[in-house]
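The block underneath contains the structure these notes are about, expressed in structure tokens.
The shown structure was predicted, so the numbers you read here are calculated from the model rather than taken from an experiment.
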Amino acid sequence: MSMLDTYFLQRSVWALLLWRSVLVACMALDCQDEQNSLSRCPSISQEKLLDRVIHHAELIYRVSEESCSLFEEMFIPFPLRLQTNQAGYVCITKALPIPSSRSEIQQISDKWLLHSVLMLVQSWIEPLVYLQTTLDRYDNAPEMLLNKTKWVSEKLISLEQGVVVLIRKMLDEGSLATTYNEQGLFQYDAQPEMLESVIRDYTLLSCFTKDAHKMESFLKLLKCRQTDKYNCA
């Protein structure tokens, strides 16, 4: 076995072990009653629920970042990476009223922080399902990439449930409109060209990774405000 083969084998074993640790670490977020509907989770404190939501968001961001890097290594040659960066593709969530600058984020209320996270989560559920269908059509797509993107798609729904319950507990909003995914936010092409499909999928993964980081950051800021309101950056 060559040194190169040994390197890739070691890397694959390491990635598999890390992936298993992520799966074990990620506990279920939703708490459901006997009718399988979301409740106010009386058995768990608000603080612990927020910690679980943050933990989920951290893992989703980490795995999405790994997925994006893996996709880039497998399907995006370096000249094409430069092309996509220079093209300035617009992320599908750009139209959402999500605060972007540091000053805006610092000024918004806890309520708007939570609703911003919910908007981002719900806006990505459908595009990630679409991404799964397109990746299944790729030749030689590594199993690790398919598993990671599928895992993220499933855990995003779990994160949505956790955020909805958190909003109900923290803001006492019993009846909550939970659908922010506006029609037309994500448009499908029937059968895009292969190169166009690859660029589009890469853009989706890149944009989702950025938004996953926003979700994590917003939730951590919320946590900070609960413990040290005047020293949160």
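Here Glu47 pairs with Lys223 under the salt bridge (Lys or Arg N to Asp or Glu O under 4.0 Å) rule; sequence neighbours left out. Here Thr133 pairs with Tyr130 under the side chain to side chain contact (heavy atoms under 4.5 Å, CB included) rule; sequence neighbours left out. Checked against side chain to side chain contact (heavy atoms under 4.5 Å, CB included), Glu154 has the following partners two or more places apart in sequence or in another chain: Lys150. The side chain to side chain contact (heavy atoms under 4.5 Å, CB included) check on Glu143 picks up Leu146, Asn147, with sequence neighbours excluded. Legend: residues meeting ring-ring contact (aromatic ring centres under 6.0 Å, His included) with Tyr138, ordered by chain and number and at least two apart, are Phe71, Phe75.
By the criterion of side-chain heavy atoms lying less than 4.5 angstrom apart, applied directly or through intervening Ile, Leu, Val, Met, Phe, Trp or Tyr residues, Met119 is not grouped with Val129; the two fall into different hydrophobic clusters. No continuous path of hydrophobic side-chain contacts links Leu118 to Tyr61 [ILVMFWY only; heavy atoms under 4.5 Å].
In this structure, the separation between CZ on Phe218 and CD1 on Ile108 is 5.5 Å, given to the nearest 0.5 Å. Here the NZ atom belonging to Lys94 is positioned 10.0 Å from the SG atom belonging to Cys207, to the nearest 0.5 angstrom. Here the NZ-CD1 distance, from Lys169 to Ile167, works out to 13.5 Å after rounding to the nearest 0.5 Å. Note that SG of Cys68 is 11.0 Å distant from CG of Asp201, once rounded to the nearest 0.5 Å. Note that CD1 of Ile76 and CD1 of Ile199 are 7.0 Å apart. Values are rounded to the nearest 0.5 Å. With rounding to the nearest 0.5 angstrom, the CG atom of Leu156 is 10.0 Å from the NE2 atom of His56.
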task: Apply side-chain contact (heavy atoms from CB on, under 4.5 Å) to Val117 and Leu113, showing your working.
output: CA-CA 6 Å; Val117 173; Leu113 271 178; 5.8 Å; no
task: Begin with the C-alpha distance, continue with both residues' side-chain angles, and end with the deciding distance and a verdict on side-chain contact (heavy atoms from CB on, under 4.5 Å) for Met170 and Leu222.
output: CA-CA 11 Å; Met170 293 185 68; Leu222 181 64; 4.1 Å; yes
query: For Leu145 and Met74, what are the C-alpha separation, side-chain angles and deciding distance, and is it a side-chain contact (heavy atoms from CB on, under 4.5 Å)?
result: CA-CA 10 Å; Leu145 176 62; Met74 291 294 300; 5.7 Å; no
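When all heavy atoms of Ser123 and Leu96 are compared, the closest pair comes out as OG-CD1, 3.2 Å. The shortest heavy-atom contact between Lys148 and Ser67 is CB-OG, 3.2 Å. For the pair Arg225 and Gln106, the tightest heavy-atom approach, listed with the atom from each and the gap, is NH2-O, 3.1 Å. In terms of heavy-atom proximity, Thr209 sits nearest to Leu205 at OG1-O, 2.8 Å. The two residues Pro127 and Ile92 make their nearest non-hydrogen contact at CG-CD1, 3.5 Å. Closest approach of Val152 and Ser64 over heavy atoms only: CG2-N, 4.1 Å.
You'll find the side chain of Leu166 reaches within 4.5 Å of the side chain of Leu50, heavy atoms only. Between Ile98 and Thr93 the shortest side-chain heavy-atom distance does not fall below 4.5 Å. For the pair Met215/Leu159, a side-chain contact is recorded, criterion being any heavy-atom separation below 4.5 Å from C-beta on. Contact check for Leu128 versus Gln132: no side-chain heavy atoms found under the 4.5 Å cut-off. Residues Glu58 and His55 form a side-chain contact, since some pair of their non-hydrogen atoms from C-beta on lies under 4.5 Å apart. Leu131 is not listed as a side-chain neighbour of Phe208, based on a closest heavy-atom distance of 4.5 Å or more. At a threshold of 4.5 Å between non-hydrogen side-chain atoms, the residues Arg52 and Ile44 count as touching.
Panel note: side chain Ser45, backbone Lys48; a donor-acceptor pair is recorded below 3.5 Å. Judged purely by atom type and a 3.5 angstrom limit, Ser69 has no side-chain atom pairing as donor or acceptor with the backbone of Glu66.
Each of His213, Lys220, Lys214 was evaluated against Glu216; a single residue qualifies, Lys220, per the side chain to side chain donor-acceptor pair (under 3.5 Å) test.
Within the structure, no pair that satisfies the disulfide bond (SG atoms under 2.5 Å apart) test touches residues 108-146, not counting sequence neighbours.
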